[in-house]
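Notes to accompany the following structure.
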Amino acid sequence: MTPPEAFSPSFDAGEDMPPAGPLRLETMKKRADFLRAARAKRVVMPGFILQVRPRHDDGPIRIGFTCSKKVGNAIARNRAKRRLREVARHVLSHRGAPATDYVFVGRATETATRPFAALIDDCNAALDKLQ
């Protein structure tokens, strides 16, 4: 059997290093956390609404996802939330601020049908507006 060291890639000084592991993301589950985030800053983008609430502790990034029945039936809502989870994983793991709550609110017909690259661009633009 080959030792695990044989599979680790080697990088020269001139090559780009792979990204260090993503920041720890925690999922919000309590209604009170969502209500506190709803009173904080928000940015409306074509694909979703992003609510951002800084906390005053040393905790990790917390993310929440919500889609109302306006988005569609359960299948459409779950599809929209899956897409938003991937957007959060791609963007917030690199650009998210620690000790901050982020809530993604799905929008009817847009979240599930908008191209994924456009959702990523929307998230980057939303974070730029907030900073």
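Because the structure is a prediction, the values reported are computed rather than measured.
Panel note: side chain Thr100, backbone Pro98; a donor-acceptor pair is recorded below 3.5 Å. Between the side chain of Thr111 and the main chain of Gly47, a donor-acceptor pair closer than 3.5 Å is present. Looking at Asp101, its side chain never comes within 3.5 Å of a backbone N or O of Ala37 through a donor-acceptor pair. Judged by distance alone, with hydrogens and angles left aside, the side-chain atoms of Arg77 form no donor-acceptor pair with the main-chain N or O of Lys70 at under 3.5 Å. Listed for the Arg42 side chain is no donor-acceptor partner under 3.5 Å among the backbone atoms of Val103.
Between Phe104 and Phe65, the angle of the ring planes stays under 30°, which puts this pair in the parallel group of the 30/60° scheme.
With Asn124 as the partner, the side chain to side chain donor-acceptor pair (under 3.5 Å) test is satisfied by one option alone out of His94, His90, Arg95: Arg95. With Arg36 as the partner, the side-chain contact (heavy atoms from CB on, under 4.5 Å) test is satisfied by one option alone out of Arg55, Lys30, Arg53: Arg53.
For Ile75, the CD1 atom counts as loosely surrounded, since its 6.0 Å shell holds 12 or fewer non-hydrogen atoms of other residues, nucleotides or ligands. Surrounding CG of Asp58 are at most 12 heavy atoms belonging to other residues, nucleotides or ligands under 6.0 Å away.
Looking at Met45 and Lys129, their side chains come closer than 4.5 Å, going by heavy atoms from C-beta outward.
Cluster annotation: Ile49 is not connected to Leu127 through the hydrophobic network of ILVMFWY side chains, with a link wherever side-chain heavy atoms come within less than 4.5 Å.
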